[in-house]
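All values reported here derive from a predicted model rather than from experimental measurement. Note that the numbering runs from 1 along the sequence shown for the chain.
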Amino acid sequence: MKRANYILLALLAVVLLMACGSEKGIRKGDQYVAIMEYTEAAKEYKKAYRKIPASERKKRAEVAWKMGECYRKSNSAVFAVGAYQNAVRYGYPDSTALFHLAGAQLEKGDYKAAQKSYEAYLAQAPADRMAQIGLQSAIQSAEWKKNPSRYIVKKAKELNGQRSDYCPAYVGEDTTMIVTTSTRKDATGDEISGITGQEFADLFLTKRDEKGKWTKTERIDGDVNGEYEDGACAFTPDGKTMYFTRCASDPEYPRYASIFKSSRSDAAWGKAEEVVISNDTLSAYAHPAVSPDGEWLYFTSNMASGQGGLDIWRMYIGRVKAKEGIVENLGECVNTEGDEQFPAFGPQGELYFSSDGYPGMGGLDIFFAVQENDSVWNINNVGAPINSMGDDFGITFAPGLHRGYFSSNRGDARGWDHIYSFYLPETVHTLYGWIYEKDGYELPEGLIYLVGDDGTNSSFGVMKDGSYKVRVTPGVEYVMLGTCKGYLNVMHELKTELVEGMHEYQRDFALPSITRPVLIDNIFYEFGKATLTAESSTSLNELKELLEQNPNITIELSAHCDFRGSASYNEKLSQARAESAVEYLVAQGIERERMTPVGYGESKPKTVNKKMTEKYTFLNEGDVLSEEFIKSLADEEKQEICNQINRRTEFQVLRTTYKLYE
């Protein structure tokens with residue numbers, strides 16, 4: 001036989017061996033797919049693909065497609081991109097390869113490539129809603145990334161191990177305990193899951209100690225952790241019952257996820273019992289969540305009569321016997337043709353879930369839904385930085401707070417999941433100030449009334465130093481009234497700004513005494529005359545507001561002079577000045593009969609109180625600034641200060657029952 005024939009036969013033998021090898025790998029891959037062990041299936045398909053000659057384009061395309069499907073279902077977008085690209089390159093006849101290629105590119109964060117792939121697919125299937133949403137996601141994602149929300153996101157070192165950790169859950173309303181799902185080395189069993197390519201997951205508990213630090217994460221003992229996959233749990237509000245997902249595996253046939261529950265007595269969890277949701281044994285039931293009122297068990301399932309893919313369902317678990325066991329699909333207002341998974345509840349009872357059926361940033365995004373009525377839900381993408389180009393899911397909130405944890409495989413080339421913490425810097429608007437005696441000290445017996453146009457109607461006392469601090473709501477108009485026994489009321493208004501973040505407002509209450517004369521600051525007259533200067537209007541307008549806020553009082557409005565000049569001249573001048581102040585207030589709408597003008601001239605020199613000694617250290621409490629006292633001061637500057645103090649305008653309450661009984 002000629003040498004050329006030997007070479008030809010040898011080549012044919014190699015081709016036959018390669019063909020046999022690829023067929024064997026394909027069969028093994030198909031067997032793993034039948035029992036949903038996609039990681040193992042992808043390995044076999046990859047071996048088979050390498051053995052298929054490039055000339056066998058159809059076969060290469062088919063195996064590349066199968067490989068891509070396995071990577072997609074095992075959350076390995078990085079590898080899925082290459083597999084789907086090969087399927088498209090070798091002419092895989094189903095245009096769905098383009099669709100899934102675009103989805104993998106989107107999850108990888110290659111938005112421009114994803115946009116091109118979606119456009120190519122839509123050219124063949126223009127009515128495909130999921131592709132339209134994908135294209136919208138590819139276009140919008142970059143913008144979402146540039147304009148993140150106010151959430152602060154960090155990797156939670158305290159909850160993560162060396163492998164996958166996901167689906168954190170607070171134990172009811174107890175924020176000192178978190179249960180997570182993990183494939184860390186401490187997980188039960190040594191087998192590797194053909195679904196995830198990691199060890200079977202178990203439920204682990206992390207506690208916060210007395211100092212607020214998280215302790216070592218430990219696997220939960222008892223029946224909740226079996227020989228297979230256990231995880232994605234939720235708790236009743238009281239933390240006494242745990243619902244969790246269990247995924248059994250079997251080398252002979254597929255086993256679907258089921259929901260189990262366990263109750264605890266003290267710290268020990270009891271025997272796990274399967275929650276029978278339906279007689280449908282060919283559907284999966286996973287990712288349980290208990291409604292805030294404890295009445296409904298929400299979960300993920302691919303049961304028939306859904307909207308397509310995985311949907312969010314709920315089953316009644318409350319006390320009303322007639323409703324017990326009712327199972328409902330949340331309907332097309334929430335569920336889509338894509339996958340809706342991992343339901344959870346926010347601080348105000350909002351429904352949170354993950355989905356790839358709405359415009360997102362790639363993979364699964366976290367959304368929240370607010371129900372307006374039985375048929376209308378508003379769906380909102382949480383946005384960056386909680387959402388990313390990877391899969392983001394399994395969110396849990398500390399009760400009543402915009403903080404907690406969620407899961408994501410962002411930035412992990414292996415597709416492993418990790419837990420991230422998040423919190424929303426609070427929008428805290430604070431009103432603060434002091435309540436004190438005008439010309440005096442704090443009034444710890446003071447009381448403040450607060451009324452807002454949002455329905456606020458409250459009252460509160462002040463601290464020993466007369467201070468107060470209270471939270472107010474953005475965008476609300478408030479009226480505040482400062483009160484104290486023996487003092488006039490003082491009113492303030494406040495309109496808070498409609499802005500996020502921290503914001504403070506200050507309102508002080510200087511309460512005039514009912515029993516003692518009260519100085520009216522900054523009242524000025526032209527020299528030697530009773531004519532008010534323009535600077536006096538501010539203080540007189542404040543007195544006008546005080547009279548309006550206290551409509552049942554009458555006052556004596558008095559003017560005083562220093563000792564210089566004759567007594568009769570000073571008395572006439574001060575009387576005229578008091579009358580000028582009254583006339584100003586009458587012109588502003590205050591009834592004349594509520595005010596009695598009196599000019600005391602130099603007859604009532606000021607008596608120094610304790611507050612004055614803080615400003616004028618050369619004076620002592622109880623000093624009377626008489627002509628004799630002032631002239632006894634050697635310093636002329638100090639003499640002039642005392643004369644200035646004596647030249648004053650005051651008011652004193654005469655009655656508190658004016659027109660009270662009319």
Distance only, no hydrogens: is a donor on one side chain within 3.5 Å (strictly under) of an acceptor on the other, for [X] and [Y]?
{"X": "S408", "Y": "D392", "result": "yes"}
{"X": "E158", "Y": "Y405", "result": "yes"}
{"X": "S355", "Y": "E340", "result": "yes"}
{"X": "N541", "Y": "E545", "result": "no"}
{"X": "Q644", "Y": "N646", "result": "no"}
{"X": "Y298", "Y": "R314", "result": "yes"}
{"X": "D439", "Y": "N609", "result": "no"}
{"X": "E442", "Y": "Y436", "result": "no"}
{"X": "E295", "Y": "Y316", "result": "yes"}
{"X": "E542", "Y": "T538", "result": "no"}
{"X": "Y170", "Y": "T176", "result": "no"}
{"X": "N409", "Y": "H418", "result": "no"}
{"X": "E497", "Y": "Y505", "result": "no"}

Enter the distance from [X]:[atom1] to [Y]:[atom2] here, rounded to the nearest 0.5 Å.
{"X": "S467", "Y": "K469", "atom1": "OG", "atom2": "NZ", "answer": "9.5 Å"}
{"X": "N489", "Y": "N550", "atom1": "CG", "atom2": "CG", "answer": "5.0 Å"}
{"X": "N381", "Y": "I386", "atom1": "CG", "atom2": "CD1", "answer": "10.0 Å"}

Legend entry - Residues K606 and E650 bridged, charged N to O under 4.0 Å: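 Between E650 and K606 there is a salt bridge, with a charged N closer than 4.0 Å to a carboxylate O.
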
Inset, instruction - State plainly whether the residues D521 and K438 are in salt-bridge range, i.e. N to O under 4.0 Å. - result: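 Answer for the salt bridge query: yes.
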
When the ring centroid of [X] is compared with that of [Y], is the distance short of 6.0 Å?
{"X": "Y423", "Y": "H402", "result": "no"}
{"X": "F397", "Y": "Y352", "result": "yes"}
{"X": "Y420", "Y": "F406", "result": "yes"}
{"X": "H287", "Y": "F342", "result": "yes"}

Would you find more than 12 non-hydrogen atoms of other residues, nucleotides or ligands less than 6.0 Å from [X] atom [atom1]?
{"X": "E591", "atom1": "CD", "result": "yes"}
{"X": "Y449", "atom1": "OH", "result": "no"}
{"X": "E493", "atom1": "CD", "result": "no"}
{"X": "K112", "atom1": "NZ", "result": "no"}

Less than 4.5 Å apart, any side-chain heavy atom of [X] and any of [Y]?
{"X": "N329", "Y": "N335", "value": "yes"}
{"X": "F651", "Y": "I520", "value": "yes"}
{"X": "L585", "Y": "L557", "value": "yes"}

Inset, instruction - May I ask you to check if K610 and Y441 form a cation-pi contact, with NZ or CZ under 6.0 angstrom from the six-membered ring centre and within 45° of the axis? - result: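 Yes; both conditions hold, so K610 lies above the ring face of Y441.
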
Legend entry - Y468 and F509 aromatic ring geometry - parallel, tilted or perpendicular at 30°/60° bounds: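 If you compare the ring of F509 with that of Y468, the planes turn out tilted.
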
Legend entry - Distance-minimising heavy-atom pair for T300 and P343: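 Heavy atoms of T300 and P343 come nearest at OG1-CD, 3.7 Å.
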
Inset, instruction - Give the minimum heavy-atom separation between I395 and A344, together with the two atoms involved. - result: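 Scanning both residues completely, I find the closest heavy atoms to be O-CB, 3.3 Å.
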
